[in-house]
Structures are given as structure tokens and as C-alpha cells.
Amino acid sequence: MKSAVETLNPTRVRLTVEVPFEELKPSLDAAYKKINQQVTVPGFRKGKIPARVIDQRFGRGAVLEEAVNDALPKFYTEAVNEGELNPLGQPEVDITELKDNELLAFTAEVDVRPTVEIPDYSGIEVTVDSVEVSDEDIDKAVEQLRDRFATTSAVERAAAEGDIVVVDLEAKVEGEVLEDGVANGVNYTIGSGELLEGIDEAVTGLEAGGSATFTSELKGGSAKGKEAEVSVKVSEVKARELPELDDDFAQLASEFDTLEELRGDTRTRLERSKKFDQATQAQEKVLDALLELVEVPIPEKLLEDEIQTRKHNLEHHQLGQMGLTLDAYLEMQEKTAEEFEAELKEQAEKGIKTQFVLDELVNKEKLSVGQEELTEHLMRRAQSSGMSPDQFAQAVVEGGQVPMLVGEVARGKALAVVVEAAKVVDDKGETVDLDEDDEAAEAAETGETVEATSEEPAAEESDNEAEQAAEVAEAADKGGDKAEG
């Protein structure tokens, strides 16, 4: 077999392949054998029909077609390997010549990974938010905890902001009560804004047994978007009572004996959370700075596929679970379809570019993924997906997504290398050491920014897939043990 590679543009090539006819013999033999099992010829036992008879009865062309279809993937793969190419997606194959007993010639156009030159990234410098926890931050967090332990009790007075009222609602449009416009026994906290616009003003000042009417635009249901006359009747008024902020509350709401200890622990947790956020911010900014340094041509077909995949996932998975249509989502986001498409394209381009750059960094830095790293990553992904580790691992293996999982870990490690080499300062000019805190170090190493940005648009087959599948299966067992523990 002879093959040649023609570069059509930085992301697409054309392979020209010529195959001597003798190299088609194994596929020809397989074609005759397959046809033998499918047809019946009087005078011959099934499977024992001579090749010349098959040619006479069914035509040599049918045999050649079967043989070529069988052989093309093999010859294409050989040409790809010979040309040391990294193809993306399926090729467009065109048989240019087929001479019986002489020659098979074909061309194959396919997108390929572009050559990416990684520049010196040691000069990258980014500024992130400083880690500051004020007394007001602690007060707010403790107040939120206090709010969780609030109690309610019925009161015989007019309803006021912050009270909970039990109401019956009836909505009319053009004088007709809507079929889905009646609701009884609804609990509503005045001032929460969780029901209809105008209800706060209507129920404030009413005692149990009181009623009022108000006009509001319906946000959902059969008359969505229409003005409705809503009748509301208050059947009960309940006041919320917050526990006193003292040592007894600390013992009720936590494992601490005093309020001072609870506030101290709250400060520690807020600092840890802000350090994690700081590390994630550093990761995002370093990645953006790195991408600005690198020119990466993006295959058009790959970009189109990535845009469609992201749009499909948003429409049919994320929004579908929330019961929203894409139009409703765009209305909520106050975006036009054109703005949405432009954002989607920008995100897809960044995702593809991120993957190409970080994959090249993995190769350049000779980074590998160990079983323990794969296990930890699987545990995090399983947790975020709502599945148990063994269920997630099984889904990954059955879906052939092991290379994707390994790629995510490797790219996370590549980004961590760049972050480590970069200079990170906070908004006060202080150098940030991301290794001094375990939480921050974990954020820098897990590659969460990579996962959010790149959705594996160009996943390829791995030479070690069987070995990695075994690692994932073992990771599932370990994950199950940890989950049980």
C-alpha cells in the first residue's frame, strides 16, 4: 500500500491511498464466505458454492463492493498511522479507482489536530481577590444559621413583612376563573417575592379571615403572560420567632458550647471557602492568559458539532430537568437568539482551544495519570452527577468514556503546572501561595475549570483503554468502600 498526505489547511488533510489488488485478497475471501452463508444455489450445499458460481449468479461487482467495504477501514487506519496524523471525527472517503485484479485507489479527507506551539508561560501574572472575612460576613452566616432554626406560631394580629400567611388564591382572566388558577392552603412568607407580583401589598395588614383582590401578570400556566384579577383570602397568620443568639443557640445549632466558638469556626470555614474560590479564580485567569498566548486554528466541522452538542445538552438535559424551554430560558436571561448563539460559539471555541492547548502541555510535560488520581476524580464526578461511584464507573466504562475521564485528569494536571509557574497576586498586591492551604491546593490540582470549559469535543481512542477501564472498575470498588464508610 502507498499513501500520501496533502495538507488542505491547518486543520484538514487529504489522504491519497493506492492498494495493490493482492492486498485485497483477505477481504475478498471474507466477502465470498459471507455471501456463501447468505445465498442458496441449486446443486450446491450452503456455504460450499464456488467463487466462479457466485460471480456468475450474483456478479463480481457485488463481491468487490463487499470486499472494499471490509478493507477500507484497515487501509485508512494504516495510512493515518503512516502519516502520523491525529484525526478528529470520521473521514469523507471517495473511491477514485477500482480495477479488478489490479488496483484500489481512494482519497480520505479528515479533520486533524492542529500543531500547537506552547510558548514560555512562566511570565504569566494574574490578580485575584484577596481573602478577607469581615465581622459582617460572620454575622450574615450566623444569621442564616439562626434562620434555619426559626419557629413559627399562629398570631391574632394583622400580617406584616416576614410573617407567614396561609392563603387561598383564585385567578380570573376576563371574568372567567382559570382551571389551573385555584390554589388553597398555600404558605407564603411576606416579602419573599416567591408568588405573584402584588401579593405582598394585598396581604400586608390582613388578619386571619381577611381577603383582598389585586391584579398581576401570570408567570406560568394556561394564561401565562396575561393580566389576571387575583382574589386572596388569609386563613392564618404565623409569626417567625428566631432563637436568641447565645451559648444555648450554639449548642442547639452546632457541636460547639459557646457562641464565640461557633463564630470562630464560622470564620475558619469562610476563610477556607474564600481561599478555594481564590484558587479557582487564579485557575480561570491563568488559563485565559495562557490561551491568549497561543494561536490555535479550530476545525470548522468540530466547532459546528461542539456547538450543537452544547445546545442539545442545554435544551434536553439542563433546561428539560427544570421544565423550561429554550425560549423561556432566553426570556429569563433577557437574551436574543442571536446573542445566545454568539455566546455558545464563543464557549465552544474556548472549550476546543483549551483542550488542544492543555493536551499539548500534557505531552510536552510528559504528564501521566495514576490510578489514585483517577479514583479521586471519579469520586468527584460521581458526586456531582448524583450517582454512586460504582454506578458512575460502570456508566463510564460501558459508554467508552474512559479516555475522556483520563483526559480530564491529565488536563487538570497540565493547568496546575501553568498555575504553579505563574505569578498570582491579590488585589492588595500580596503574592498568593496556592500551596499553603490544602483546599486551595486541591482547587488548583483538580482541574475543575478545565471540566467546566472543555467538554471533551475531540475525544480519541486510547491505546491503554483496557488498562484504564480496569482502573476505573477498581476505582468504583474503592469508591463504594469510601461511600459505605
Side-chain angles (χ1 to χ4, degrees), residues 1-9 11-114 299-302 304-305 397-404 458-470:
M1 187 194 82
K2 295 190 300 183
S3 65
V5 180
E6 177 188 357
T7 300
L8 302 178
N9 61 48
T11 62
R12 193 166 180 83
V13 299
R14 179 188 292 123
L15 286 164
T16 301
V17 183
E18 292 185 357
V19 183
F21 206 82
E22 57 266 22
E23 293 189 31
L24 269 178
K25 189 175 185 309
S27 294
L28 275 171
D29 293 342
Y32 279 116
K33 186 174 182 181
K34 181 177 180 180
I35 295 172
N36 240 309
Q37 300 299 321
Q38 295 175 339
V39 301
T40 301
V41 176
F44 297 95
R45 286 182 296 166
K46 195 174 186 64
K48 299 296 183 180
I49 308 169
R52 58 178 177 78
V53 176
I54 292 178
D55 289 345
Q56 292 169 357
R57 295 292 297 268
F58 305 103
R60 174 73 166 176
V63 180
L64 288 175
E65 182 179 354
E66 181 68 36
V68 169
N69 288 339
D70 176 73
L72 273 179
K74 170 179 171 290
F75 295 131
Y76 166 73
T77 302
E78 287 182 10
V80 165
N81 293 336
E82 190 175 290
E84 298 181 345
L85 303 175
N86 291 311
L88 302 172
Q90 296 300 313
E92 295 179 6
V93 178
D94 180 27
I95 298 174
T96 56
E97 193 171 0
L98 178 57
K99 291 183 179 179
D100 198 359
N101 292 311
E102 290 186 33
L103 180 72
L104 164 66
F106 66 92
T107 61
E109 287 191 19
V110 66
D111 287 332
V112 293
R113 277 180 175 262
E300 291 183 11
K301 181 66 166 59
L302 181 65
E304 291 173 6
D305 291 345
V397 174
E398 291 179 353
Q401 298 300 302
V402 175
M404 180 191 75
E460 298 172 12
E461 293 297 318
S462 169
D463 294 335
N464 300 317
E465 185 166 342
E467 180 181 340
Q468 292 160 349

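Qualifying salt bridge (Lys or Arg N to Asp or Glu O under 4.0 Å) partners for E300, counting only residues two or more places apart in sequence or in other chains: none. Residues satisfying the side-chain contact (heavy atoms from CB on, under 4.5 Å) test with D94, not counting sequence neighbours, are T96, T107. For the side chain to side chain donor-acceptor pair (under 3.5 Å) test, no residue two or more places apart in sequence or in another chain qualifies with K2. Applying the side-chain contact (heavy atoms from CB on, under 4.5 Å) criterion to N81, with sequence neighbours excluded, gives T77. Under the rule for a salt bridge (Lys or Arg N to Asp or Glu O under 4.0 Å), the partners of E92 that lie at least two apart in sequence or sit in another chain are R12. Residues satisfying the side chain to side chain donor-acceptor pair (under 3.5 Å) criterion with N69, sequence neighbours excluded, are absent altogether. With sequence neighbours excluded, no residue forms a side chain to side chain donor-acceptor pair (under 3.5 Å) with K33. Residues meeting the side chain to side chain donor-acceptor pair (under 3.5 Å) test with E6, sequence neighbours left out: R14. Among residues two or more places apart in sequence or in another chain, the side-chain contact (heavy atoms from CB on, under 4.5 Å) test is passed with V5 by V13, L15, L85. Evaluation of the salt bridge (Lys or Arg N to Asp or Glu O under 4.0 Å) rule for K25 yields D29 as partners, not counting sequence neighbours. P26 is linked by a side-chain contact (heavy atoms from CB on, under 4.5 Å) to nothing, counting only residues two or more places apart in sequence or in another chain.
Side-chain atoms of E22 and P20, non-hydrogen and from C-beta on, do get closer than 4.5 Å to each other. V68 is not listed as a side-chain neighbour of F106, based on a closest heavy-atom distance of 4.5 Å or more. Annotation: side chain of L28 is not in contact with side chain of D70 (no heavy-atom distance under 4.5 Å).
Taking CG of L103 as the start and CD of E18 as the end, the distance is 5.5 Å to the nearest 0.5 Å. The CG atom of L24 lies 12.0 Å from the CE atom of M1; values are rounded to the nearest 0.5 Å. In this structure, L98 CG and D100 CG are separated by 7.0 Å, a value rounded to the nearest 0.5 Å. Between the CG atom in D305 and the CG atom in D111 there is a gap of 9.0 Å [rounded to 0.5 Å].
Considering all non-hydrogen atoms of both residues, V110 and G89 come closest at CG2-O, 3.9 Å. Between L88 and P299, the shortest heavy-atom contact is CD1-CG, 3.9 Å. For L64 against F21, the heavy-atom pair with the smallest separation is CD2-CZ, 3.6 Å. Taking both residues in full, the closest heavy atoms of A31 and A67 are given as CB-N, 3.9 Å, listed atom of the first, atom of the second, then distance.
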Under the side chain to side chain contact (heavy atoms under 4.5 Å, CB included) criterion, do I95 and L72 qualify, and how do the steps go? CA-CA 10 Å; I95 298 174; L72 273 179; 4.2 Å; yes
Yes or no on side chain to side chain contact (heavy atoms under 4.5 Å, CB included) for V402 and V397, after CA distance, side-chain angles and deciding distance? CA-CA 6 Å; V402 175; V397 174; 4.2 Å; yes
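For residues 75-84, every residue pair satisfying the salt bridge (Lys or Arg N to Asp or Glu O under 4.0 Å) rule, not counting sequence neighbours, is listed here: K74-E78.
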